[in-house]
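Data first, discussion second: the structure below is written as structure tokens.
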Amino acid sequence: MRRKLAAGNWKMNGTKASLAELSAMAAAADGTAEVLICPPATLIALGVDTAPDIAFGGQDCHTAPSGAHTGDLSAAQLADAGASYVILGHSERRADHGETDTQVRDKTRAAWEAGLTAVVCVGETLDQREHANTLDIIGGQLAGSIPDGATAHRLVVAYEPVWAIGTGKVPTMDQISEVHGFIRARLERRFGAGVGRSTRILYGGSVKPSNAVEIFAVPNVDGALVGGASLKATDFGPIIEALNKAPSEA
């Protein structure tokens, strides 16, 4: 049975004062779903101390374990701070920093070597969606961004339609179902039925309390990668609770 996952990506938001939100999130986390918060790296160790029942993760990592890479963080450093996950290949990293599938794959491999679970993000732009290239784009990103040797323990895939992030626009449930089903089939074909069926696939793109129940009812949606709505417990708490009540899939 795949355990549901509510992942919050705080992006470049949050200071020590923001940690007060974690106690309320931890209360909502007392359910069937796993709760993951990926705050700025400056808050990971403090977050672990504040809310030990919540999982914490980084938002990126370098491909190397150490070295002369000013301003970067290695996967080993994230793990040392208390992280157990790391988000890789987020659309903002791909767009703002020009990250390629190859770089994401190398970072994923580095994350695995450090004992972290990689949340690998894939998704299409509005132009790609309008030209009916969505599945081609997703298929290419999956093939290029995920290394060989994936297991359900160290891989989570997050589908984030780029055109829906922070815009309030949400794909139809049929569109979400199509992409998640496609991802599941590709994972099964490449890594075998066992890994493919047990790997969690998250949806990310303007998830909020008002649409969470509907999204979580879609087949092959094992949770959400949430941006702005994860900053406040009043928003993220209801999303976690909706996921706790969502139907489970084998």
Side-chain angles (χ1 to χ4, degrees), residues 5 7-12 36 38 40-41 44 56-67 69 71-79 83-125 127-129 133-166 179-180 182-187 189-191 195-196 199-205 222-227:
L5 176 61
N9 177 15
W10 282 15
K11 306 186 181 183
M12 198 173 70
L36 164 66
C38 297
I44 292 175
F56 285 85
Q59 299 176 16
D60 184 49
C61 72
H62 198 277
T63 58
S66 62
H69 305 288
D72 285 312
L73 290 170
S74 72
Q77 289 172 318
L78 293 174
S84 51
Y85 288 80
V86 61
I87 299 171
L88 297 172
H90 191 280
S91 61
E92 290 160 358
R93 296 289 309 180
R94 292 179 186 263
D96 296 347
H97 298 272
E99 288 193 1
T100 65
D101 291 337
T102 299
Q103 288 173 310
V104 176
R105 183 187 64 226
D106 292 343
K107 289 183 177 186
T108 301
R109 189 178 292 111
W112 291 350
E113 290 173 353
L116 299 179
T117 298
V119 181
V120 176
C121 301
V122 297
E124 81 283 12
T125 65
D127 182 67
Q128 291 163 340
R129 163 62 69 174
N133 292 328
T134 296
L135 298 185
D136 289 339
I137 297 299
I138 301 300
Q141 290 175 336
L142 289 170
S145 299
I146 301 175
D148 292 335
T151 67
H153 175 70
R154 57 184 185 174
L155 175 67
V156 174
V157 176
Y159 167 54
E160 44 163 19
V162 180
W163 50 275
I165 298 174
V179 175
H180 278 244
F182 174 81
I183 292 172
R184 178 79 61 210
R186 283 298 176 95
L187 292 174
R189 187 170 76 180
R190 180 176 174 190
F191 300 112
V195 173
T199 298
R200 292 177 290 183
I201 305 173
L202 309 183
Y203 171 75
D222 301 311
L225 179 59
V226 184

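This one's a predicted model, so the numbers in the text were calculated from it and none came from an experiment.
- In terms of heavy-atom proximity, Ser145 sits nearest to Val120 at CB-CG1, 3.9 Å.
- A donor-acceptor pair is defined here as one N or O able to donate and one able to accept, closer than 3.5 Å; such a pair exists between the side chain of Arg184 and the backbone of Gly196.
- Nearest heavy-atom pair, Gly58 versus Cys38, reported as atom, atom and distance to 0.1 Å: O-SG, 3.8 Å.
- Between Phe191 and Arg186 there is no side-chain heavy-atom pair separated by less than 4.5 Å.
- Using modelled atom types, one finds a donor on one side chain and an acceptor on the other under 3.5 Å when comparing Glu160 with His90.
- Arg94 contributes no side-chain N or O that, together with a main-chain N or O of Val104, makes up a donor-acceptor pair within less than 3.5 Å.
- Within the 3.5 Å criterion, the main-chain N or O of Ile201 finds a donor-acceptor partner in the side chain of Asp222.
- Here CG of Leu155 is found 5.5 Å from CH2 of Trp112. Values are rounded to the nearest 0.5 Å.
- The OG atom of Ser91 lies 11.0 Å from the CD atom of Glu99; values are rounded to the nearest 0.5 Å.
- Atoms CG and CG, from Leu142 and Leu187 in turn, are 6.0 Å apart once rounded to the nearest 0.5 Å.
- Taking SG from Cys121 and CD from Gln141, the interatomic distance works out to 9.5 Å, rounded to the nearest 0.5 Å.
- Atom CG of Asp101 and atom CD1 of Ile146 lie 10.0 Å apart (nearest 0.5 Å).
- Between the side chain of His62 and the main chain of Ala64, a donor-acceptor pair closer than 3.5 Å is present.
- Leu73 and Ala41 make their closest contact through CD1-CB, 3.3 Å (heavy atoms, listed as atom of the first residue, atom of the second, distance).
- Put simply, the side chain of Arg109 never gets that close to the backbone of Asp148: no donor and acceptor are under 3.5 Å apart.
- Between the side chain of Arg105 and the backbone N or O of Pro147 there is no donor-acceptor pair closer than 3.5 Å.
- Gln59 contributes no side-chain N or O that, together with a main-chain N or O of Asn9, makes up a donor-acceptor pair within less than 3.5 Å.
- Taking the side chain as every heavy atom from C-beta outward, Ile87 and Leu225 approach each other to under 4.5 Å.
- With a 6.0 Å radius and a threshold of 12 heavy atoms from other residues, nucleotides or ligands, His69 has its NE2 atom above the threshold.
- Shortest non-hydrogen contact noted between Gly204 and Pro161 is O-CD, 3.3 Å.
- Between the side chains of Arg200 and Thr117, no donor-acceptor pair of N or O atoms lies under 3.5 Å.
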Practice task
Please test Glu92 against Met12 for side-chain contact (heavy atoms from CB on, under 4.5 Å), starting from the C-alpha separation and ending with a verdict.
Solution key: CA-CA 11 Å; Glu92 290 160 358; Met12 198 173 70; over 6 Å; no
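- Between Ala152 and Val195, the shortest heavy-atom distance links the atoms N-CG1, 4.1 Å.
- Note that CD1 of Ile137 is 8.5 Å distant from CD of Glu124, once rounded to the nearest 0.5 Å.
- The aromatic rings of His180 and Tyr203 are tilted relative to each other, their planes meeting at an angle between 30° and 60°.
- With a 4.5 Å cut-off on side-chain heavy atoms, Val119 and Val86 do not count as touching.
- Closest approach of Ala118 and Ala111 over heavy atoms only: CB-CB, 4.4 Å.
- Judged purely by atom type and a 3.5 angstrom limit, Gln103 uses its side chain to pair as donor or acceptor with the backbone of Thr100.
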